[in-house]
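All residue numbers in this chain count up from 1 along the given sequence. In this text the structure is predicted, and so the values were computed from the model without any measurement.
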Amino acid sequence: MKNYFACLIFGLVLLEGCQSKAEETNKDAPQKTTVVNAVENKVESPKVTNDAATLLSKKEVPILCYHNIKNFDANAGPMTKVYSVKPANFAEQMKALSEAGYHTILPAQLYDYLVHDGPLPEKPIMITFDDTRGEQYSIGAAEMNKYGFKGVFFVMTVSINRPNYLTKEQIKQLSDNGNVIAAHTWDHHMVTKYSGDDWNTQLVKPKEKLEEITATPITYFAYPFGLWNKAAIPEVKKSGYQMAFILSTKRDSIDPLYTIRRMIVSGTWNTEGMMKSTEATFEK
């Protein structure tokens, strides 16, 4: 009889323990289900993708284009005066942009703004450099760094490592420091005169070379002299570029992403003139 009661008590204790575990398990189950359902029910809104007309209607971001940063005298030729900004003037211009509240953006931000209505900082501006000149690294990047500015460097690959031009190491460092390296053809021949294998020589190979140097995708291109035509755009697209940049001329109504406007900063301007021209050129 004692054995009987002992077994009975043991069975009741065991049954109660199993029920407690089941209750604890059931208590956890709804929590897990809620988490799963929350994940399953999370729906991300699709990104807006703007058409060409919408892109053209958006307010333009000011984009400055620099070439040489060097001293010149009053006897210099007209091209030198237009395409060269004195180092002291360049330094003053960067300071003025910072004090006016401008914030530099890079092409990926511009693309997101134009295509997907992405956000921009207050008073955005883009600073670009053409033609691979060495002082763009030693003076340009150094001055921009004082204000936390980043820039876009359009490189023609034929000039890399030549005297007074950017070296591979400098290009890599510019990229590693948060600037964007972009293509500017192999040897600066006008895109409007290309035929046959010129597209490969001037668009594809420079892209591959710069990707090899920077270990990053090269997806932006600047037309030499800012010149382009309708035949060039499909070739630029086919070569793997996401956007292409011109100068202060009319944009294409069909492919505005491949005719992004820039303004050459003339060496004949003082800082006040540069600031006024920036506002006037991109006032829309």
Side-chain angles (χ1 to χ4, degrees), residues 63-70 83-85 90 104-111 126-145 149-194 198-228 232 235-247 257-265:
I63 305 178
L64 307 182
C65 176
Y66 289 93
H67 289 79
N68 301 319
I69 307 174
K70 67 178 184 179
Y83 285 94
S84 302
V85 173
F90 181 83
T104 55
I105 68 165
L106 296 174
Q109 292 168 277
L110 179 64
Y111 181 90
M126 189 182 296
I127 301 173
T128 71
F129 301 86
D130 285 8
D131 298 352
T132 332
R133 298 293 305 183
E135 68 268 14
Q136 295 169 3
Y137 172 88
S138 60
I139 300 173
E143 286 296 330
M144 289 196 299
N145 284 341
F149 290 168
K150 301 298 179 185
V152 186
F153 294 79
F154 289 101
V155 175
M156 52 180 186
T157 50
V158 70
S159 59
I160 296 173
N161 288 334
R162 288 185 176 180
N164 301 318
Y165 288 89
L166 293 174
T167 66
K168 287 183 179 180
E169 292 75 20
Q170 289 171 335
I171 292 169
K172 173 66 172 165
Q173 189 172 348
L174 285 168
S175 177
D176 290 348
N177 288 346
N179 300 284
V180 167
I181 303 301
H184 196 39
T185 73
W186 176 59
D187 64 356
H188 212 265
H189 274 85
M190 285 185 286
V191 167
T192 53
K193 297 185 178 296
Y194 294 174
D198 290 338
W199 301 108
N200 184 57
T201 300
Q202 302 288 354
L203 299 183
V204 177
K205 288 184 177 179
K207 183 178 191 296
E208 292 173 348
K209 180 69 174 177
L210 294 171
E211 288 176 341
E212 177 188 329
I213 292 171
T214 63
T216 61
I218 302 298
T219 52
Y220 310 110
F221 175 79
Y223 302 97
F225 310 103
L227 298 177
W228 61 282
E235 296 293 340
V236 175
K237 286 184 181 180
K238 189 166 62 177
S239 299
Y241 295 100
Q242 191 177 48
M243 289 195 300
F245 294 76
I246 59 174
L247 293 174
L257 287 175
Y258 291 85
T259 50
I260 303 291
R261 296 172 70 242
R262 300 185 295 161
M263 178 189 80
I264 290 179
V265 179

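- Counting heavy atoms from C-beta on, the side chains of M263 and L247 never come closer than 4.5 Å.
- The pair K172-E169 does not meet the salt-bridge criterion, since no charged nitrogen lies less than 4.0 angstrom from a carboxylate oxygen.
- Interatomic distance, T128 OG1 to L64 CG, rounded to the nearest 0.5 Å: 7.0 Å.
- Taking the ring centre of F245 as origin, the terminal cationic atom of R261 falls outside the region bounded by 6.0 Å and 45° from the ring axis.
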Show the numbers, then the answer: is there a side-chain contact (heavy atoms from CB on, under 4.5 Å) between V191 and W199? CA-CA 8 Å; V191 167; W199 301 108; 3.8 Å; yes
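- Taking T157 as the reference, I160, W186, P206, K209, L210 meet the side chain to side chain contact (heavy atoms under 4.5 Å, CB included) condition, with sequence neighbours excluded.
- Residues E235 and Y194 have side chains not in contact (no heavy-atom distance under 4.5 Å, counting atoms from C-beta outward).
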Under the criterion side-chain contact (heavy atoms from CB on, under 4.5 Å), I'd like the reasoning laid out for Y137 against Q173: C-alpha separation, chi angles, the key distance, then a yes or no. CA-CA 9 Å; Y137 172 88; Q173 189 172 348; 2.8 Å; yes
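- The main-chain N or O of H67 is found under 3.5 Å from a side-chain atom of Q136 such that the two form a donor-acceptor pair.
- Nearest heavy atom pair, residue M156 against residue Y165, reads CE-CE2, 4.2 Å.
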Mind running side-chain contact (heavy atoms from CB on, under 4.5 Å) on I105 and L110 for me, showing each step along the way? CA-CA 7 Å; I105 68 165; L110 179 64; 4.1 Å; yes
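- Counting only distance, with no hydrogens or angles, the side chain of H184 and the backbone of A222 share a donor-acceptor pair below 3.5 Å.
- A pairwise comparison of heavy atoms in F90 and V85 identifies N-CG1, 3.7 Å as the closest pair.
- Under the side-chain hydrogen bond (donor to acceptor under 3.5 Å, both in side chains) rule, S159 has a single partner from D187, T132, D131, which is T132.
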V236 vs Y223, side-chain contact (heavy atoms from CB on, under 4.5 Å): CA-CA, chis, key distance, verdict: CA-CA 10 Å; V236 175; Y223 302 97; 4.1 Å; yes
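- Looking at heavy atoms from C-beta onward, K150 lies in side-chain contact with L106 at the 4.5 angstrom threshold.
- Atom OG in S239 sits 12.5 Å away from atom NZ in K205 (nearest 0.5 Å).
- To the nearest 0.5 angstrom, N179 atom CG is 12.0 Å from T214 atom OG1.
- Distance check: E135 CD to N164 CG gives 7.5 Å after rounding to the nearest 0.5 Å.
- Under the ring-ring contact (aromatic ring centres under 6.0 Å, His included) criterion, H189 pairs with no residue at all, not counting sequence neighbours.
- For the side chain to side chain contact (heavy atoms under 4.5 Å, CB included) test, residues two or more places apart in sequence or in another chain that qualify with T219 are P217, Q242.
- The side chain to side chain contact (heavy atoms under 4.5 Å, CB included) search around A182 returns V152, F154, Y220, not counting sequence neighbours.
- Using cut-offs of 30° and 60° for the angle between ring planes, the Y241 and F221 rings count as tilted.
- In this view, Y111 satisfies the ring-ring contact (aromatic ring centres under 6.0 Å, His included) rule with no residue, not counting sequence neighbours.
- Note: R133 CZ to R162 CZ = 11.5 Å, rounded to the nearest 0.5 Å.
- The backbone N or O of I218 lies less than 3.5 Å from a partner atom in the side chain of E211, making a donor-acceptor pair.
- The side chain to side chain donor-acceptor pair (under 3.5 Å) check on D130 picks up R262, with sequence neighbours excluded.
- Distance NZ/K207 to CD1/I181: 14.0 Å, rounded to 0.5 Å.
- Classified by interplanar angle (parallel below 30°, tilted 30° to 60°, perpendicular above 60°), the ring pair F129/F153 is parallel.
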